[in-house]
Structure formats: C-alpha cells, structure tokens
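Encoded as structure tokens, the structure appears first; notes follow it.
The sequence lines fix the lettering, A, B, ..., with proteins before strands; numbering per chain opens at 1.
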2 protein chains.
Amino acid sequence: MKEGPDIAQIGSLIGDPARANMLTALMGGKALTATELAGTAGITLQTASSHLSKLEAGGLIGQRKQGRHRYFALADDDVGLLLESLMGFAAHRGFTRHRTGPKDPALRKARVCYNHLAGDYGVRMLDSLVAEEVIAGAGDDLTLTETGAGKMTALGIDLSALTRSRRPVCRTCLDWSERRSHLSGSLGQALLTLFLDKGWARRETDSRAVRFTGTGEKEFARLFPLPA
Amino acid sequence: MKEGPDIAQIGSLIGDPARANMLTALMGGKALTATELAGTAGITLQTASSHLSKLEAGGLIGQRKQGRHRYFALADDDVGLLLESLMGFAAHRGFTRHRTGPKDPALRKARVCYNHLAGDYGVRMLDSLVAEEVIAGAGDDLTLTETGAGKMTALGIDLSALTRSRRPVCRTCLDWSERRSHLSGSLGQALLTLFLDKGWARRETDSRAVRFTGTGEKEFARLFPLPA
DNA sequence: TCGATGCTTCGGTTAGCATCGAAGTATGAA
DNA sequence: TTCATACTTCGATGCTAACCGAAGCATCGA
C-alpha cells in the first residue's frame with residue numbers, strides 16, 4: 001500500500017526514553033555491559049535486557065560475549081551517523097533533557113562521536129585536512145589524496161589496514177553542536193585512536209567529553225593548522 | 001542528569017506508524033489537508049487531527065489556513081533532511097513497508113525530496129555540477145562558484161532571490177536509494193521548480209515519483225553531463 | 001560441589017496512548 | 001438563515017508495551 005522504507009520502526013526503537021538513553025551512552029564508543037546500561041537508563045536489569053534484545057533485533061546494536069559479561073555496542077558507523085544527525089536536529093529545536101549543564105562547554109569543544117572526534121575540534125580538524133589538501137572531494141565523497149596518504153603514514157597510521165576493511169576510509173558526519181561536518185570513517189577513527197594512544201587527549205569517565213592535555217593542544221594546532 | 005539533546009521525543013513522534021505515514025506523504029513537498037493525510041494514513045479525521053497537533057507542537061510540521069481548508073507541510077528543510085536520512089537507514093536495513101512494489105524503480109530513478117530532486121537523477125545532477133565546477137567545496141560546505149552563478153542565471157534562475165533568503169543556497173542531502181549525496185538548499189529547490197515549469201518533468205499524482213518527458217531527458221543530459 | 005555474579009525469560013500489573021463516536025466551532029455556499 | 005464541509009475537542013474504550021518480581025540459565029572462583 002505504501003511506498004518506500006518504513007521509518008516508524010526505527011523511530012519507535014529510538015523513541016523510548018530508556019532506549020534513547022542507552023543509545024546515547026553507547027555513542028561514547030565504549031562497549032558497555034547490560035548492568036551499566038541499566039544504570040545509565042535508570043531501570044532494572046530485566047527491563048534493560050528486554051530493551052537491548054529489541055535494539056539488537058532492530059540492528060541498532062550488537063553484542064559480544066566475554067566470560068560472563070555481555071558487552072553491547074552500536075552496530076556500525078551508520079548507526080552513529082544517524083544518532084548524531086538526530087541529536088543535531090533535537091539540539092537545534094531545543095529538545096534538551098535538562099537545561100544545558102556544566103559539562104556542556106566541554107562536550108561542544110571535543111567529544112567522542114561513536115569512534116571518532118566531534119565538536120569544535122572535530123570540525124576544525126576536517127577543515128584543516130581539506131585546506132592542507134590531505135582530503136579532497138565534494139559532498140559526501142571524500143578521498144584521501146596521495147600527499148595526504150604520505151602525511152598520515154608519517155603520523156604512524158597504517159593505511160593498508162584501513163583500506164583493507166570494507167568500511168569507507170573518509171566520511172562526513174554532521175556535528176550536532178557545530179552544525180557542520182567532521183571526519184568519520186576508518187581514518188577518523190584512526191586519528192582519534194592516535195590522539196589517545198599518544199597521550200595527547202583523554203576520555204572523561206562517564207561522559208563523551210574528550211580533554212586535551214597541554215602538549216596535546218600544541219600538537220593538535222601544529223598538525224591541523226587553520227588557513228585564516 | 002543526562003547530558004546532551006533528547007532524541008527520544010523526536011523518535012517517538014516519528015515512531016508512530018500513522019504519523020510516519022503522514023510525514024512520508026508530506027515528503028512529496030505538496031501541502032496537504034488533514035482529510036488527505038487521514039486518508040493516506042488510513043485513520044479517521046479525528047485521530048489524524050490529534051496526530052497533526054502533536055507533530056506541530058514538536059516543530060516537525062507547520063500549517064496554513066486557507067478558507068475552510070487547513071494545509072499542512074513540513075516545517076522546513078531540516079525536517080526533510082532528517083526524514084531522508086532516516087529513510088536511507090531504514091532502506092539499508094531492509095525496513096520496508098511492503099515488498100518493493102512496482103513504483104519502486106520510478107522512485108529510485110527520480111523523486112521529490114521535500115522540495116528538491118532526489119534519486120539517481122538527483123545524485124547525477126550534483127555529480128555533474130561539481131565536475132563542471134558550478135559548485136565547489138568539501139564536506140557539507142558547498143558554495144556556488146562565479147562561473148556557476150553565471151550558468152544558473154543563464155538558465156533563468158534568480159540568484160539574488162535565493163541569496164536574499166536566510167536559507168543556505170547549496171546543501172547536501174543523503175539520498176536513501178543511492179546512499180550518496182544530492183543537492184538540497186534553495187538552489188536545489190530552484191532547479192526542481194525549473195524542470196517542472198519548463199515542462200521537462202511532471203510529478204506523479206499520489207507519489208513522490210518524478211517522470212521526465214522525452215525533451216526533459218535530453219535537456220537534463222545536455223545541462224548535466226557526466227565526466228566519464 | 002557450592003556460592004556468587006551477570007544476564008535472560010516468564011508472568012502479571014499498570015499506565016499511556018492511539019483510536020473512534022459524538023458533539024462543538026468555523027467557513028463557505030445556497 | 002439554513003445546510004454542508006472541514007476540522008477540532010471531548011470522552012470513553014481497548015490495546016500495547018514498559019516495568020518489575022521471581023525464577024531459570026550460564027559462567028566464574030573457591
């Protein structure tokens with residue numbers, strides 16, 4: 001009777017407050033156990049288990065058994081992109097869960113978007129990468145240039161590993177706080193991992209915020225200069 | 001307690017099948033009456049009225065009184081973009097409302113995405129515009145070049161009117177069938193209007209599909225050539 | 001083998017909301 | 001004025017789904 005895809009199923013999956021809380025928690029990028037997710041959502045373990053099985057059936061999350069723990073994570077990058085764009089829309093319309101709190105500035109400055117860097121720093125990084133001609137392309141079709149490949153390898157990123165996987169290397173993701181694009185894809189993930197491994201930045205506990213250290217700030221400014 | 005925007009409210013708004021049907025109907029770009037929307041959703045007028053007031057309170061749609069009719073339309077471009085990205089996700093995961101029907105090929109070829117062209121033709125048009133250097137930019141930051149401005153004016157598009165408005169002129173929108181970007185924004189809208197005004201294409205009744213005429217196909221191929 | 005932990009499944013309760021009939025309001029036509 | 005159309009509001013109903021207690025299953029350590 002009706003044509004096209006069915007957005008209602010996904011909408012109702014995200015539409016429940018408990019499930020939405022779990023999904024935003026998983027946007028932090030870390031895999032979490034059912035007990036942890038039940039805590040953040042403010043519900044009992046039984047209820048959480050029911051929600052998690054629904055989210056898994058809907059293909060939004062996946063689970064990995066490890067000992068007697070069961071770790072849940074977002075299914076793939078696409079889910080992260082969708083959630084971020086939903087957050088962007090919600091933030092712009094003033095759908096906030098509490099009046100913007102103290103953590104808000106830190107979140108807007110730099111945060112984890114599933115597996116890559118978002119916020120002001122994320123947007124600035126993509127701007128710089130494009131200005132420095134590391135990445136080229138229009139629309140959502142971003143490609144790593146030859147000079148860019150050299151620079152990334154010099155940073156210690158194993159490009160052959162990135163291209164071997166089936167995931168796209170460069171991808172845009174709409175930032176909810178900046179309302180502009182930042183870098184997603186396997187390269188975006190590799191760069192965030194680099195920052196954390198080098199000790200340039202640390203993840204806040206129980207938050208998506210990313211805090212840069214002093215040297216981290218300097219290295220970031222050196223690696224990703226802005227044209228103007 | 002929780003940080004960041006609340007996606008659950010929007011999710012639950014879209015999560016109801018009746019409301020989702022109405023929203024997809026409104027993605028056709030035409031403003032529709034409450035009676036028409038009740039028909040497409042398969043519910044009575046009273047129920048539809050209740051849903052419509054909820055959608056309006058949530059800022060997803062707006063209404064315009066005209067005589068004893070009340071015309072409903074999507075609130076703005078952002079809603080269209082959000083719905084299209086949701087459809088892309090749903091289509092990719094196989095959330096379809098009925099096994100892909102006979103209208104499906106036509107929809108994938110060319111359709112209306114709220115107020116601009118989508119589908120294979122929409123994606124090809126943006127590809128061509130970038131290749132011909134009418135539009136430049138990376139990520140979501142598209143800009144009309146000087147030569148591009150000349151070409152668009154030659155087509156009969158009033159650029160001063162587009163730039164006067166507060167809406168962005170060029171914008172990307174992720175196509176659910178092609179999973180690539182097509183052109184949105186006021187320029188995208190102006191181009192679709194041009195096709196329809198010139199008689200190069202016609203909108204199907206009761207569908208988002210756009211059917212190009214013989215001369216329309218030729219003009220489209222002439223105006224938007226592909227590099228390869 | 002026993003207990004502890006982590007999670008799922010089952011059963012029953014409850015609350016919210018979609019739904020529609022009926023009545024009320026506004027606009028237009030006769 | 002009177003009737004018809006378009007839509008909203010109210011009130012009642014019924015169904016779904018979120019929720020939790022209790023029991024069951026799996027894994028780990030002792």
Which nucleotide span of DNA chain C, 5' end to 3' end, has atoms closer than 4.0 Å to non-hydrogen atoms of chain A? C:dA4 to C:dT9

Given the side-chain rings of B:Tyr121 and B:Phe212, with only the six-membered ring counted for Trp, is the space between their centroids under 6.0 Å? yes

Separation between CZ of B:Phe89 and CG of A:Leu86, rounded to the nearest 0.5 Å: 10.0 Å

Hey, is the main chain of B:Trp200 close enough, under 3.5 Å, to the side chain of B:Glu219 for a donor-acceptor pair? no

Could you check whether any side-chain N or O of B:Arg19 sits under 3.5 Å from a backbone N or O of A:Ala8, counting only pairs where one atom can act as donor and the other as acceptor? no

In whole angstrom, what separates B:His69's NE2 from D:dT8's P? 13 Å

Under 4.0 Å, counting only non-hydrogen atoms across every strand here, what does A:Thr33 touch: a base, just sugar-phosphate, or nothing? sugar-phosphate

Within a 6.0 Å radius of atom NZ on A:Lys198, are there more than 12 heavy atoms belonging to other residues, nucleotides or ligands? no

Show me, range against range, the stems involving DNA chain D, built from at least 3 consecutive Watson-Crick or G-U pairs below 3.5 Å. C:1-30 with D:1-30

Donor-acceptor pair, distance only, cut-off 3.5 Å: does the side chain of A:Glu36 make one with the backbone of A:Thr33? yes

Taking the side chain as everything from C-beta on, heavy atoms only, tell me whether B:Thr172 gets closer than 4.5 Å to B:Ser184. no

Euclidean distance, atom OH of residue B:Tyr71 to atom P of D:dA6 [Å, nearest integer]: 10 Å

I need the CZ-C1' distance between B:Arg70 and D:dT9, as an integer number of Å. 12 Å

First locate atom OG of B:Ser177, then atom CE of B:Met87, and finally report the distance between them rounded to the nearest 0.5 Å. 11.0 Å

At under 4.0 Å between heavy atoms, which parts of nucleotides 16-23 of chain D does protein reach? Answer with one letter per nucleotide, 5' to 3': B base, S sugar-phosphate only, - none. --SSBBB-

Interatomic distance, CG@B:Asp120 vs NZ@B:Lys109, rounded to 0.5 Å, equals 8.5 Å

Heavy-atom side-chain contact between B:Ile61 and B:Phe72 under 4.5 Å: yes

